[in-house]
Amino acid sequence: MAVRVPSMELHRPPPSVSGVRGKSCLQKPFLVQAKRLEGLEKANPRSRGKQSLEQEKKRAPLIRGTVSPPLPVPGHITQPPYVGKKDAPEIASEIQMHDKVSIVHMKAACELAARVLEYAGTLVKPSVTTDEIDKAVHKMIIDAGAYPSPLGYGGFPKSVCTSVNECICHGIPDSRELQDGDIINIDVTVYLNGYHGDTSKTFLCGEVDEASKRLVKVTEECMLRAISACKHGTSLKKIGRRISEHAERHGFGVVDRFVGHGVGRIFHSEPMIYHQRNNMPGQMVEGQTFTIEPALSMGSIDCDMWDDGWTAVTTDGSLAAQFEHTILITKTGAEILTKC
């Protein structure tokens, strides 16, 4: 998840994290606006095969359900500092670095997030509502003595994000029942002992067609390929190049409106992690933690924002998938922290 940040051009460094804001869907909480690098559309082919188009025609558009009230959190559980505030905080400019002690805390938060996500995935079945998933996730997190980080972040009303089919990210759990053939991204973040652990995965619901399965498979591969390129001293832009190359090889587009971010004591901080080709500066540093969370689309990489201010869907209704891990940079590589 991310916060409101300034407009940025990918071919030059941003002037500051407190720059001018845009008015499009890109400037809502949990996401980052990024103008496309000139020529990016040519670099990201988004043509779909006949099979994909025919399958999408059969799929009913996503319709919102009823959103139930936010769930309560026991008073003894420590809340993040943004809870109770109307606006989401700015993305912090500091790079979050860790020593041996803080790494232990980060690993604990990330391991809990991974276990919660794994459990949430077992609930994905036809006729189950995303609201039911939210309730189960909420209970598991607070039973572990942690706080569900999305709850109250900039007014977000739920404890987890559930993004179904054409929803790229930040879907609000509601009364809609999952349908046979749906795909759903579940994005879990927990706040445990003062540290956030952030992860997401796209799950298959019932009998899913082969084109959708391929989208999900390739999206996860993109994330893992990007992680495999990470180590101390490596340029951050290598992440976007690795993801773009693999996505393009399979005919998918990389959504360029959402980025990964530093994570730790602060939910969202520098560095911004762009998932498409870019010329942004910056290198990975041993001891820092951040998320890599690419979203791929079968069709358009552009998004429309629902009037709830959160739900971002593809403009053409094509399916989108996303995966996310929190990683720790080491001298020789990257350690995935959000593993059970």
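As a basis for the values below, the full set of heavy atoms in this structure was taken, side chains included, without hydrogen atoms, waters or symmetry mates.
What you find for Val254 and His275 is that their closest heavy atoms are CG1-O, 3.5 Å. Nearest heavy atom pair, residue Ile183 against residue Ser212, reads CG2-CB, 4.3 Å. Taking each heavy atom of Asp198 and Thr326 in turn, the nearest pair found is O-OG1, 2.7 Å. Of all heavy-atom pairs between Thr219 and Pro294, the closest is CG2-O, 3.7 Å. Looking at every heavy atom in both residues, Glu293 comes nearest to Thr291 through OE2-OG1, 2.7 Å. Minimum heavy-atom separation, Ile329 to Ala334: CD1-CB, 4.3 Å.
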Quiz item: Should Asn185 and Ser200 be marked as a side-chain hydrogen bond (donor to acceptor under 3.5 Å, both in side chains) after you check the CA-CA gap, both sets of side-chain angles, and the distance that decides it?
Solution: CA-CA 7 Å; Asn185 176 271; Ser200 84; 3.2 Å; yes
Quiz item: Going through the checks in order, is the side-chain hydrogen bond (donor to acceptor under 3.5 Å, both in side chains) test met by His246 and Glu221?
Solution: CA-CA 8 Å; His246 193 61; Glu221 290 172 350; 2.7 Å; yes
Exercise. Evaluate the criterion side-chain contact (heavy atoms from CB on, under 4.5 Å) for residue pair Val124 and Leu204; output intermediate values, then yes/no.
Key: CA-CA 8 Å; Val124 174; Leu204 308 178; over 6 Å; no
Practice problem: I would like to know whether Ile184 and Ile133 meet side-chain contact (heavy atoms from CB on, under 4.5 Å); could you show each step before the answer? | Solution: CA-CA 11 Å; Ile184 175 175; Ile133 294 174; 4.3 Å; yes
Exercise. Apply side-chain hydrogen bond (donor to acceptor under 3.5 Å, both in side chains) to Ser318 and Ser297, showing your working.
Key: CA-CA 7 Å; Ser318 58; Ser297 169; 3.1 Å; yes
Practice problem: Please step through side-chain contact (heavy atoms from CB on, under 4.5 Å) for the pair Asp174 and Asp134, ending with a clear verdict. | Solution: CA-CA 9 Å; Asp174 59 25; Asp134 177 75; over 6 Å; no
Practice problem: Show your reasoning for whether side-chain hydrogen bond (donor to acceptor under 3.5 Å, both in side chains) applies to Ser127 and Glu177. | Solution: CA-CA 5 Å; Ser127 81; Glu177 294 184 352; 5.4 Å; no
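Checked against side chain to side chain donor-acceptor pair (under 3.5 Å), Thr311 has the following partners two or more places apart in sequence or in another chain: Asp308.
Side-chain contact check for Gln79 versus Tyr191: every heavy-atom pair is 4.5 Å or farther apart. When side chains are defined from C-beta on, Cys303 does not count as touching Val255, because their heavy atoms never get closer than 4.5 Å. For the pair Ile227/Met223, a side-chain contact is recorded, criterion being any heavy-atom separation below 4.5 Å from C-beta on. A heavy-atom distance below 4.5 Å is not found between the side chains of Glu270 and Glu94. Taking 4.5 Å as the limit, some side-chain heavy atom of Asp209 sits within range of a side-chain heavy atom of Arg59. With a 4.5 Å cut-off on side-chain heavy atoms, Leu236 and Tyr274 do not count as touching. Put simply, the side chain of His98 reaches to within 4.5 Å of the side chain of Thr289, judged on heavy atoms. Side-chain contact between Cys167 and Leu62 is present, with heavy atoms from C-beta onward closer than 4.5 Å.
Using a cut-off of 4.0 Å between Lys/Arg side-chain N and Asp/Glu carboxylate O, Arg176 and Asp182 are scored as salt-bridged. With respect to Glu132 and Lys135, no salt bridge is recorded, no charged nitrogen being found less than 4.0 Å from a carboxylate O. Note on Glu248 versus Arg277: salt bridge recorded, some NZ/NE/NH1/NH2 to OD/OE distance being below 4.0 Å. Between Glu111 and Arg115, at least one side-chain N (NZ, or NE/NH1/NH2) sits under 4.0 Å from a carboxylate O, which counts as a salt bridge.
For the side-chain hydrogen bond (donor to acceptor under 3.5 Å, both in side chains) criterion with Tyr195, the lone passing option out of His105, Arg265, Lys107 is Arg265. The side chain to side chain contact (heavy atoms under 4.5 Å, CB included) with Ile239 is formed by just one residue from the set Ile292, Thr234, Asn278; it is Ile292.
A donor-acceptor contact shorter than 3.5 Å links the side chain of Lys125 to the backbone of Thr122. Under a 3.5 Å cut-off, the side chain of Thr202 and the backbone N or O of Ala321 do not form any donor-acceptor pair. In this structure a side-chain-to-backbone donor-acceptor pair under 3.5 Å is missing from Glu220 to Lys217. In this structure, the side chain of Ser163 engages the main chain of His170 through a donor-acceptor pair within 3.5 Å. With Tyr147 contributing its side chain and Leu151 its backbone, the two residues share a donor-acceptor pair below 3.5 Å. Formation of a donor-acceptor pair under 3.5 Å by the Asp180 side chain with backbone atoms of Pro126 is not found in this model.
Heavy atoms of other residues, nucleotides or ligands lying less than 6.0 angstrom from NZ of Lys85 number 12 at most. Heavy-atom neighbours of Gln179 CD from other residues, nucleotides or ligands within 6.0 Å: above the threshold of 12. Residue Lys213 places its NZ atom among more than 12 non-hydrogen atoms of other residues, nucleotides or ligands, all under 6.0 Å distant.
Going from atom CG of Leu337 over to atom NE2 of His325 covers 10.0 Å, rounded to the nearest 0.5 Å. From Tyr119, atom OH reaches atom CD1 of Ile141 across 11.5 Å, with rounding to the nearest 0.5 Å. Taking CD1 from Ile91 and NE2 from His261, the interatomic distance works out to 7.5 Å, rounded to the nearest 0.5 Å. Atom CD in Gln96 sits 12.0 Å away from atom CZ in Phe290 (nearest 0.5 Å). The CD1 atom of Ile243 sits 8.5 Å away from atom CD of Gln276, with the distance rounded to the nearest 0.5 Å.
In this model, no donor atom of one side chain and acceptor atom of the other lie less than 3.5 Å apart for His232 and Thr330. For the residue pair Ser300 and Thr314, no side-chain donor N or O sits within less than 3.5 Å of a side-chain acceptor on the partner.
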Extract all donor-acceptor atom pairs below 3.5 Å that involve side chains of residues 64-77 and protein atoms in other chains or at least two apart in sequence.
from  : atom 1 : to     : atom 2 : distance (Å)
Arg64 : NH1    : Asp307 : OD1    : 2.8
Ser68 : OG     : Asp131 : OD1    : 2.8
Ser68 : OG     : Lys158 : NZ     : 2.6

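For residues 238-247, no residue pair satisfies the salt bridge (charged side-chain N to carboxylate O under 4.0 Å, His left out) rule, not counting sequence neighbours.
In terms of hydrophobic clustering, with Ile, Leu, Val, Met, Phe, Trp and Tyr side chains grouped at heavy-atom distances under 4.5 Å, Ile266 and Ile103 are assigned to different clusters.
Ring-plane geometry between His196 and Tyr82 is classed as parallel, the angle between the planes falling under 30 degrees on a 0 to 90 degree scale with a further cut at 60.
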